[in-house]
2 protein chains.
Amino acid sequence: MAGRAAVPEVIWARPERTGRGPKPAFTRADIAAAAVRIADADGLDGVTMRHVATELGCGTMSLYNYVPRKEDLYELMIDAVGAEHEMFEPTGDWRADMLRNAEETRAIMYRHTWVPRLMPGVFGFSPNTLRYLEHCLACLEPLDVPAGTKTELIALLNGVVTTYTGNEIATAERTRSMPWTAEEENAVRMAYLGSQIATGAYPRMTAAFTEQSGPVDLEAVFRRALERVLDAFDPESRQSG
Amino acid sequence: MAGRAAVPEVIWARPERTGRGPKPAFTRADIAAAAVRIADADGLDGVTMRHVATELGCGTMSLYNYVPRKEDLYELMIDAVGAEHEMFEPTGDWRADMLRNAEETRAIMYRHTWVPRLMPGVFGFSPNTLRYLEHCLACLEPLDVPAGTKTELIALLNGVVTTYTGNEIATAERTRSMPWTAEEENAVRMAYLGSQIATGAYPRMTAAFTEQSGPVDLEAVFRRALERVLDAFDPESRQSG
DNA sequence: TCCTAGTTACGTACAGCGTACGTAGTGCGC
DNA sequence: GCGCACTACGTACGCTGTACGTAACTAGGA
């Protein structure tokens, strides 16, 4: 035991105020808000300890009194936007409710485009994350399956929302710090894809790509994916075909 | 137009050899292999331009002759491991074939734990990615749905594989560069979660957590998710309940 | 009431990153 | 055989997260 580095506490287990010493100049909420403001404006890469400290008006290293590691700052940010989830009263129609939850998550992500990039790593049980989980379970009350299946539904649905919305955002945001636009980049990629398909090396892809006409409706693709996932858990849907 | 920065070519559109000047000392495959070796051994964060150059035995900046941006190095890496996919002869049972594809992707990710971290950003159409897509379409030949639905199936399935396997790997690898183990960290997190649930603020979560006994079988959870997704596209399954 | 220990605040410093730029050497195409 | 596109690579810049040391502050215990 002696000399072993202690495992750091989860930040939520850390009390904001310990009682001794000078009064902290900021609350955790202040810091989270500042970081979120920066991320919204400059992207996630703009969120540096220095930048956040400047935004708060304090020295860089002072931040470390509140946030032991940068990762914890991320957790604060995720929790902060988690508060934007509307925890509405369940209607009794679990499908509609979960659909609404998913669309809301998607909307939050479009409002804060850095969220999907943080999601896979930051899975911590922040207060608002727990509240959202509880809310989802409340929406799923009418669904007659074991509790374990419900959590699996929530996980799968959240994963799909994050993946789809995250991909859309990533392609749009990739060029944020670059001297060309997302459209230009996409055109180059598509031109290359076209040239590859034109070689005839991928006949089935050729068929798939020539079939569709016009641009892809990402919103529609997203919604179809959600419906499919919900279908897979819906006893009604599976009997009626 | 004048003075505008040109959109950089996709790296696959760049010829490896232009004909003029000294012979390149390495091939793209050499570089990809070196980067993959490092990532496997030291994790993705070990893959730095300096490190890869050292592994190859050349100066750091020489690498930029082959790989204009680090992002392109990532694309090389993804393509390299894409070669590990076995493009088997479709059996006629599309469900079984797609399940096999998914399990293979999962296996590749466990062999190269950095792959999921790269997937969301690097969606490029590398040669091996295209070959894999074509292979999936071949497996889906027996499924009687529009080609667009098939690509949506592939996307959804791949997304689920990446999300689930990526999450598992992330929790296990998070502590790679830290002085404590993943088990210790997980214990701390779970202790906190337990303390939160014990407050009674999340009654439905309490029920869900007390219901299950013993550790979660991640492999089983993963496989159930795959089955659900496939169900959602399977006409047979939806009629027979 | 005063002392002291635990905090807060923050400047300095370090190791590491991606990569812009300049220069020197090489060998193919004209 | 000349010229130029290419390879090679050292140096340098601006940026990152954060370890560490020091000074100021304040609440709890004597």
Side-chain angles (χ1 to χ4, degrees), chain A residues 5-6 8-9 11 14-28 30-31 34-35 38-39 42-77 117-118 121-122 174 176-179, chain B residues 5-6 8-9 11 14-28 30-31 34-35 38-39 42-77 118 121 174 176-179:
Chain A
E9 289 283 343
I11 187 149
R14 250 193 169 211
E16 273 213 66
R17 182 88 175 87
T18 45
R20 210 57 155 260
K23 279 179 199 164
F26 315 105
T27 66
R28 235 169 238 175
D30 291 334
I31 294 171
I38 292 171
D42 307 341
L44 188 58
D45 294 336
V47 178
T48 69
M49 297 306 268
R50 275 168 246 259
H51 201 152
V52 173
T54 306
E55 174 87 9
L56 285 166
C58 72
T60 306
M61 296 314 291
S62 306
L63 253 187
Y64 281 90
N65 289 319
Y66 303 88
V67 176
R69 295 165 303 147
K70 190 176 187 193
E71 195 181 294
D72 292 317
L73 180 61
Y74 288 149
E75 207 145 338
L76 254 49
M77 293 170 69
R117 263 183 64 187
L118 249 36
V122 182
R174 264 170 48 82
R176 182 193 273 275
S177 63
M178 308 196 182
Chain B
E9 288 283 344
I11 187 150
R14 252 193 169 211
E16 274 214 63
R17 185 87 176 85
T18 45
R20 211 57 156 260
K23 280 178 198 163
F26 316 106
T27 65
R28 235 169 237 175
D30 291 335
I31 295 171
I38 292 171
D42 307 341
L44 188 59
D45 295 336
V47 179
T48 68
M49 297 305 269
R50 277 167 244 260
H51 200 153
V52 173
T54 306
E55 174 87 9
L56 286 167
C58 72
T60 305
M61 295 314 291
S62 306
L63 215 55
Y64 281 90
N65 290 318
Y66 303 88
V67 176
R69 296 164 303 147
K70 189 175 188 194
E71 196 181 293
D72 292 318
L73 180 61
Y74 288 150
E75 207 146 339
L76 255 49
M77 292 170 70
L118 250 35
R174 265 170 47 82
R176 182 193 272 276
S177 63
M178 308 196 182

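This one's a predicted model, so the numbers in the text were calculated from it and none came from an experiment. Here is the naming used below: chain letters follow the sequence lines, and residue numbers restart at 1 for every chain. All values below come from the heavy atoms of this structure, side chains included, with hydrogens, waters and symmetry mates left out.
- Computed from coordinates, the A/Glu71 CD to D/dT18 C1' distance equals 14 Å when rounded to whole Å.
- Checking D/dG17, D/dA27, C/dT8 against every side-chain atom of A/Arg50, the shortest atom distance belongs to D/dG17.
- For the pair B/His51 NE2 and C/dA15 P, the computed distance is 18 Å after rounding to whole Å.
- When the C1' atom of C/dT19 is taken as reference, atom CG of B/Leu73 falls 14 Å away, rounded to whole Å.
- Taking atom OH of residue B/Tyr64 and atom C1' of nucleotide C/dT23, one finds them 19 Å apart after rounding to whole Å.
- Rounded to whole Å, atom C1' of C/dC17 lies 8 Å from atom NZ of B/Lys70.
- The two residues A/Ala39 and A/Met77 make their nearest non-hydrogen contact at CB-CE, 3.6 Å.
- Direction change of the helix axis from one end of the helix from C/dT1-D/dA30 to C/dC30-D/dG1 to the other is 10°, with five pairs defining each end axis (rounded to 10°).
- Rounding to whole angstrom units, CG of residue A/Asp42 and C1' of D/dT16 are separated by 16 Å.
- Straight-line distance from the CG atom of A/Asp45 to the P atom of C/dG18: 13 Å, rounded to whole Å.
- Separation of atoms NZ (B/Lys70) and CG (B/Leu76) is listed at 13.5 Å; rounding is to 0.5 Å.
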### Task
Verify side-chain hydrogen bond (donor to acceptor under 3.5 Å, both in side chains) between A/Ser62 and A/Asn65, making sure each step is shown before the conclusion.
CA-CA 6 Å; A/Ser62 306; A/Asn65 289 319; 5.1 Å; no

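- B/Leu63 CG to B/Cys58 SG: the interatomic distance, rounded to the nearest 0.5 Å, is 5.5 Å.
- Among C/dG18, D/dT7, C/dA9, the nucleotide with an atom closest to any side-chain atom of A/Ala25 is C/dA9.
- The backbone N or O of B/Thr27 lies less than 3.5 Å from no partner atom in the side chain of B/Glu16, so there is not a single donor-acceptor pair.
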Output a table of nitrogen or oxygen pairs between the protein and nucleotides 9-11 of chain D separated by less than 3.5 Å.
residue	atom	partner	partner atom	Å
D/dC9	OP2	B/Gly59	N	3.2
D/dC9	OP2	B/Ser62	OG	3.2

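- The minimum heavy-atom distance between B/Tyr66 and B/Ala25, with the atom names listed, is OH-N, 2.9 Å.
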Report all side-chain donor-acceptor pairs from residues 47-56 of chain B shorter than 3.5 Å, counting only partners two or more places apart or in another chain.
residue	atom	partner	partner atom	Å
B/Thr48	OG1	B/His51	N	3.0
B/His51	ND1	B/Gly46	O	3.1
B/Thr54	OG1	B/Arg50	O	2.8
B/Glu55	OE2	B/Arg37	NH1	2.4

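- Contact annotation: the side chain of A/Asp72 never approaches that of A/Arg14 to less than 4.5 Å [non-hydrogen atoms, C-beta and beyond].
- When the C1' atom of D/dC6 is taken as reference, atom CZ of B/Phe26 falls 16 Å away, rounded to whole Å.
- Considering CG of B/Asp45 and CD1 of B/Ile38, their distance stands at 12.5 Å, rounded to 0.5 Å.
- In this structure, B/Tyr66 reaches the D/dA8 phosphate: one of its side-chain N or O atoms is under 4.0 Å from OP1 or OP2.
- Closest to the side chain of B/Met49, from the set C/dT8, C/dG18, C/dG25, is C/dG18.
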